[in-house]
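Beneath this line is the structure, given in structure tokens, with notes to follow.
Computed over heavy atoms, backbone and side chain alike; hydrogens, waters and symmetry mates excluded. So that the names make sense, note that chain A is the first sequence line, chain B the second, and so on, each numbered from 1.
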Protein chains: 2
Amino acid sequence: MNEDADETVLDPDAGEEDSYALDRRRVTAILEALEAEDRDQLFELIEPLHPADVADLIEQINPAERRHFVELAGERIGGAILSELEEGLREEVIGLLGPEVLAEAVRDLDSDDVVDLLEDLEEEQRRAILGALDAPERLAVQKSLTYPEYSAGRLMQRELVMAPEHWTVGQAIDHMREREDLPSQFYHVFLVDPKMRPVGNVTLGRIMSSRRSVALKDLVEEVFRVFPATDSETDVAYAFNQYHLISAPVVDESERLVGMITIDDAMAVLDEEHEEDILRLGGVVEEASLSDTVLQAARGRATWLFVNLLTAIFASIVIDLFADTIDQMVALAVLMPIVASMGGNAGTQTMTVAVRSIATRDLTAQNALRVTGREAAVGGLNGVLFGLVMAGVAAVWFGVPMLAAVIAVAMILTQFAAALGGIGIPILLDRVGIDPALASGPFVTTVTDVVGFFTFLGLASLVLL
Amino acid sequence: MNEDADETVLDPDAGEEDSYALDRRRVTAILEALEAEDRDQLFELIEPLHPADVADLIEQINPAERRHFVELAGERIGGAILSELEEGLREEVIGLLGPEVLAEAVRDLDSDDVVDLLEDLEEEQRRAILGALDAPERLAVQKSLTYPEYSAGRLMQRELVMAPEHWTVGQAIDHMREREDLPSQFYHVFLVDPKMRPVGNVTLGRIMSSRRSVALKDLVEEVFRVFPATDSETDVAYAFNQYHLISAPVVDESERLVGMITIDDAMAVLDEEHEEDILRLGGVVEEASLSDTVLQAARGRATWLFVNLLTAIFASIVIDLFADTIDQMVALAVLMPIVASMGGNAGTQTMTVAVRSIATRDLTAQNALRVTGREAAVGGLNGVLFGLVMAGVAAVWFGVPMLAAVIAVAMILTQFAAALGGIGIPILLDRVGIDPALASGPFVTTVTDVVGFFTFLGLASLVLL
């Protein structure tokens, strides 16, 4: 009935982890077939797999196995598999494929997928692929490539179904029955005026359920969005998600219909942006994927670690200001990391909420002040709570009541600063056009470290010595 | 042509921030109409808005304005707006609506949206809404509610279009033209065998472009996934994303077709999971949204801060072991936070990559060992790099060559431990069934803090004193 059934037979343990992903036993069998150079067995094993799963397989095996796999099974690596591959590997695999195999592979793809493939390739590979396309498709792809990167024009496909606004259901159906080159997936017929400007869309479901004599314009959907080809893909993806769009028309500068964006394109953009946000928040800036080499990964992470080193040294300079104080009471050195660490964590919490809310457009100019007030209150409240707890811990541990008072006050101030920094820094960065997910972390940590060490050691030097 | 045009007229600045979201000027105008109790003006202002935008509006204004808005505009708050509202506020708004308004609101919704509304409501509100539904829809909703939370059965809608497997295109079209209760959005006709088991799906596009005499079963799509109603929504969303599904049939325990899941449901699940992952990685555990009260938010964050306090105290105990050493050389207190902070950041980087790769199923049993090896190499490499840099900084700052050597070795060991902890802890947590996004942070920080302080201070006490 579906592929899961036979995957489960192949691997009795598959259900445990997940019934959809490539299961381990099949991967092992594929690697064995590879080892044995048994091409028939290999083809039989990958035949039932979805292109997305074959792409996953290629990503998961090691580089030597990967080269071997492409050599042996190259002719089965169609355009759909190439489209599913992560960008870093795609170039490598395309480089290993022969030009004829490659030409064959791209011929079945919709124009948006061809554009997506071409974007990251060297000029030479690009020309080879373009040369393999039919003239009209080549022109469509070249036109798309003239739009800026990450724009609606790059995301769209040229294949779509349109109809003059005065057509009836019957005319639309007859037109579709006659056309040879319908898109592989489509969900709307776009109505256009005589100047080719989209004026409405009709779902296939409504066409299908209406009499032949009904006018298409009486069936148009209420929600209708048109995207200029120069719109950013971020805005397009946001609108698809917000308004539950399935497909939408794209227009050029004279408002003529030139393409269509479908929900799977929008989902791919959202997915990438989520991924990027998570990694950036975690301080992983330039990393493409698990298949990056050690050097690529180390370099990508080093940038951010270097920024962190500067903030850490800055914090240490603050500590050094109070070296004499610490010299007189070593308990301060023992306790000071707690103040900074709690501040850092509270700051990260607030910053995460802020970055996320900016991305989902829940945090706006409208409510920024109110949300900041809430965060300050949350910070103050938790500052008092944990300040008191730590006062108790410090009193018991070191038996110095004034030390307990100092750490309590320092924690309250630090938590409060963490809240203000955690919300204020992302908002400011967003205002000046810097991605808050990327840059907030180091700033927030600097604030919490400096405030933490300065208030704790400063108060101690005033009160305790 | 579309709504943006008139939004831009209303707000010349709208283009600057974003042309789709609610613009600030409209929100201000709405609040003014609210203040003036001008119901007509209010209706006119919200009329052109998409339900998702009205929901955003309700989320962004403050609690008092919100109550006032629902009192004044309650009759315009239809089911679609309720569906779009975030869960925390939905209950509040539903509580403010009169029973007749509520009954009217839910009547137009597909059954999955009604289920989604009902899930979080009190028994009394639940009964009121169920009472407002027609008998067949009520039964469908009640049946869905018998499936476990977060299952395909809860996610699906009962409204769908099916056809016996032997039908032709003509029969399917005639059937759809006759039916009164077609789903509001649908993309496939599901073919069923005589026992009502789904055996294939045909896109509306292919039906539309084929002659009336063509058999439906000659048009079935290659990719076809059937979900048992008890499948988790996570698995369903993963499959929609991986295999680019648009809609898919859901079956009960006897494999009979009982519902349909569409891509917008899957997108909503993915969105929620992304959101949860980001927040959990940032240490925000139980937070629903920006509209949580101060107390709700403070409590949600306190849990995690408390865990962090324990790990921070644990790290301080390690420092305390070397109190005598610090007492003899206060430079150690100045430098030790750098070692721990760099370790913590490197650990967070690796952990973020690991958590993300586990969620996207890129990190599997197949490649876990290889990825761990890569991370260890990255950690070692960056450890050497930053160890040397810090050795230089320490030598210049304090003029003690052995101190420079100590910090270099401590940083290498800490970065290495951070890499192993950052990858190993999420993998282990995932194996034992704990969400790695939720629990990895505190463990990783404990490892890096303890290793950082212990190696740096320990080496110092061995070598320097």
### Task
State whether a side-chain donor-acceptor pair under 3.5 Å links B/N367 with A/E59.
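No donor-acceptor contact under 3.5 Å links the two side chains.
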Would you check if [X] and [Y] make a side-chain contact, meaning some heavy-atom pair closer than 4.5 Å?
X	Y	answer
A/M267	B/L270	yes
A/F306	B/N382	no
A/I246	B/I263	yes
A/Q242	B/H50	no
B/F322	A/V330	no
A/L281	B/I278	yes

Heavy-atom distance under 4.5 Å to chain A: side chain of [X], backbone, both or neither?
X	value
B/V393	side chain
B/M336	side chain
B/A346	both
B/M351	neither

Tell me, side chain or backbone of [X] under 4.5 Å from chain B's heavy atoms, or both, or neither?
X	value
A/A315	neither
A/V161	neither
A/L385	side chain
A/L305	both
A/R280	neither

Do you know which of [options] has the most heavy-atom pairs under 4.5 Å to chain A?
options	answer
B/R179, B/E84, B/M390	B/E84
B/L204, B/V355, B/D324, B/V371	B/L204
B/G344, B/A312, B/A268	B/A312
B/P337, B/A354, B/G379	B/P337
B/L295, B/V294, B/T28, B/D264	B/V294

For the atom pair [atom1] ([X]) and [atom2] ([Y]), what is the distance rounded to the nearest 0.5 Å?
X	Y	atom1	atom2	answer
B/M208	A/H175	CE	NE2	11.5 Å
B/R356	A/E275	CZ	CD	4.5 Å
A/N308	B/T348	CG	OG1	9.0 Å
B/T262	A/H244	OG1	NE2	10.0 Å
A/Q366	B/N62	CD	CG	9.0 Å
A/D271	B/N241	CG	CG	4.5 Å

Please check if the side chain of [X] supplies one atom and the backbone of [Y] the other of a donor-acceptor pair under 3.5 Å.
X	Y	value
B/D320	A/V334	no
B/Q349	A/R301	yes
B/R374	A/D292	yes

### Task
Mind checking salt bridge (Lys or Arg N to Asp or Glu O under 4.0 Å) for B/R370 and listing every partner two or more places apart, or none if nothing turns up?
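Here no residue qualifies.
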Of the listed residues ([options]), which shares the most heavy-atom pairs with chain B below a 4.5 Å separation?
options	answer
A/L31, A/D56, A/T445	A/D56
A/S341, A/G205, A/A340, A/A302	A/A302
A/F386, A/F186, A/F453	A/F386
A/L335, A/T350, A/I313, A/L332	A/I313
A/R299, A/Q328, A/R206, A/Q185	A/Q185
A/A331, A/G200, A/A52, A/S316	A/S316

### Query
So B/Y187 and A/Y187, would you call those rings parallel, tilted or perpendicular, with 30° and 60° as cut-offs?
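Ring orientation, 0 to 90° scale: perpendicular.
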#### Entry: By side chain to side chain contact (heavy atoms under 4.5 Å, CB included) - contacts of A/T234 (at least two apart)
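A/T234: side chain to side chain contact (heavy atoms under 4.5 Å, CB included) contacts with A/S232, A/E273, A/R361.
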Looking only at heavy atoms, what is the nearest atom pair of [X] and [Y], with distance?
X	Y	result
A/V378	B/A297	CG2-CB, 3.8 Å
B/A333	A/I326	CB-CG2, 4.1 Å
B/L182	A/S209	CD1-CB, 3.0 Å

#### Entry: Audit row: B/R24, A/T364, side chain to side chain contact (heavy atoms under 4.5 Å, CB included) steps and yes/no
CA-CA 9 Å; B/R24 204 178 178 181; A/T364 62; over 6 Å; no
